[in-house]
Amino acid sequence: MTRGRGPQQWCGKGLHSFDDPENVYLSREANGRVKRACRPCTRERCRKPFRPYLNYRPTPQQLAILQCLADGLTVEETAEHMQFSVANIAGHLQSVHRKYGVKNHAAAVAQALKRGLIRPDKATAKRLPYRIPRKHVEALRVLMRSERMAYRPYDKRLPELLDACMSWTEAHAVSVLWAAGRLTNKDVPQTRNQYRRWSERRKPKEDAATWVQSMGGA
């Protein structure tokens, strides 16, 4: 009968032996399995400088996608313009939603406009009528706060809003009203990204010796 290899005796780098309990910490995963890791290597990895905003800023490619949405292109037209697949564009937009902590494209465009990362549609804003119904402006403000879902294509309220704002999509309407001064930074809420930082991750608090004692070992 052939047996599998036994437990690993050294860490991945081959620098620390797992025979010494001081070099091992154990943690229990959600599925009940026990995970073993090297304590000195983990401490050395945690000493490296942490750049908190490295993974939370949209990439230049994602900003280009947001700029296309702010200019009035749909997701399909953006994919054709950038020569990407629709699934690729949707994946980038989902990542932007997580980074900005929003739930729709219009709110993501508003967050990028607030930070000055993209430019609004000033050409369309110059042709806007003097009076825009207040209910449409309030509907966009509620959308930017992610308090409602985007209108469906068959919804009767969508063409009324787009015609009043002379826009093609709700994200484009946010860009047009931003250039016209009807939407400002005060209308965009402060959000938090949905990615968990390294400092916020739960770290194991028990070492190997404590775990063995708790399990009734010698």
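Numbers here simply count residues along the sequence, with the first being 1. Predicted model, so just to flag it, every value in this text is computed and none were measured.
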When hydrophobic residues are tied together by side-chain contacts of less than 4.5 Å, even through go-betweens, does Val75 share a cluster with Trp168?
-> no

Candidate pair Leu66 and Leu117, rule side-chain contact (heavy atoms from CB on, under 4.5 Å), full reasoning = CA-CA 9 Å; Leu66 290 178; Leu117 300 178; over 6 Å; no

Is there a path of hydrophobic side-chain contacts, each under 4.5 Å between heavy atoms of I, L, V, M, F, W or Y residues, that connects Leu73 with Val174?
-> no

By salt bridge (charged side-chain N to carboxylate O under 4.0 Å, His left out) - contacts of Glu138 (at least two apart) | Arg141

Taking all atoms of both residues into account, what is the closest heavy-atom pair of Ala139 and Tyr151, and its distance?
-> CB-OH, 3.9 Å

pair Val96-Ile65: side-chain heavy atoms closer than 4.5 Å | no

Test salt bridge (charged side-chain N to carboxylate O under 4.0 Å, His left out) applied to Glu160 - qualifying residues, sequence neighbours left out = none

Sidechain-backbone polar pair: Asn23 side chain, Cys38 backbone, donor-acceptor under 3.5 Å = no

Kindly state each residue pair satisfying side chain to side chain donor-acceptor pair (under 3.5 Å) with at least one member in residues 67-77, sequence neighbours excluded.
-> Gln67-Asp71

Sorted by chain and residue number, the salt bridge (charged side-chain N to carboxylate O under 4.0 Å, His left out) partners of Asp155 (sequence neighbours excluded) come out as Arg157

Under 3.5 Å, which donor-acceptor pairs link side chains of residues 175-184 to any protein atom two or more places apart or in another chain?
from, atom 1, to, atom 2, distance (Å)
Ser175, OG, Ala70, O, 3.1
Ser175, OG, Asp121, N, 2.9

Sub-4.5 Å side-chain heavy-atom contact between His97 and His105 | yes

What pairs with Arg115 under salt bridge (charged side-chain N to carboxylate O under 4.0 Å, His left out), at least two apart in sequence or on another chain?
-> none

Have Asn88 and His92 got a donor and an acceptor in their side chains that come within less than 3.5 Å?
-> yes

Shortest non-hydrogen pair, Ala107 vs Met144, comes out as CB-O, 3.6 Å

Does the side chain of His16 come within less than 4.5 Å of Arg39's, by heavy atoms?
-> no

Does a side-chain heavy-atom distance below 4.5 Å link Glu170 with Leu158?
-> yes

Quick one: does Met149's side chain get under 4.5 Å of Asn104's, heavy atoms only?
-> no

Give the intermediate values and the outcome of side-chain contact (heavy atoms from CB on, under 4.5 Å) for residues Leu140 and Leu161.
-> CA-CA 9 Å; Leu140 290 176; Leu161 187 148; 4.1 Å; yes

What's the spacing between Thr124 OG1 and Met166 CE if we round to 0.5 Å?
-> 7.0 Å

Are a donor atom and an acceptor atom from the side chains of Lys99 and Gln111 found within less than 3.5 Å of each other?
-> no

Derivation of the side-chain contact (heavy atoms from CB on, under 4.5 Å) call for Leu93 and Ile89 = CA-CA 6 Å; Leu93 290 175; Ile89 299 296; 4.1 Å; yes

Distance-minimising heavy-atom pair for Cys165 and Leu128 | O-CD2, 3.4 Å

Is it possible for you to say whether Phe84 and Val86 belong to one hydrophobic cluster, with membership spreading through side-chain heavy-atom contacts below 4.5 Å?
-> yes

Interatomic distance, NE2@His81 vs SG@Cys68, rounded to 0.5 Å, equals 4.5 Å

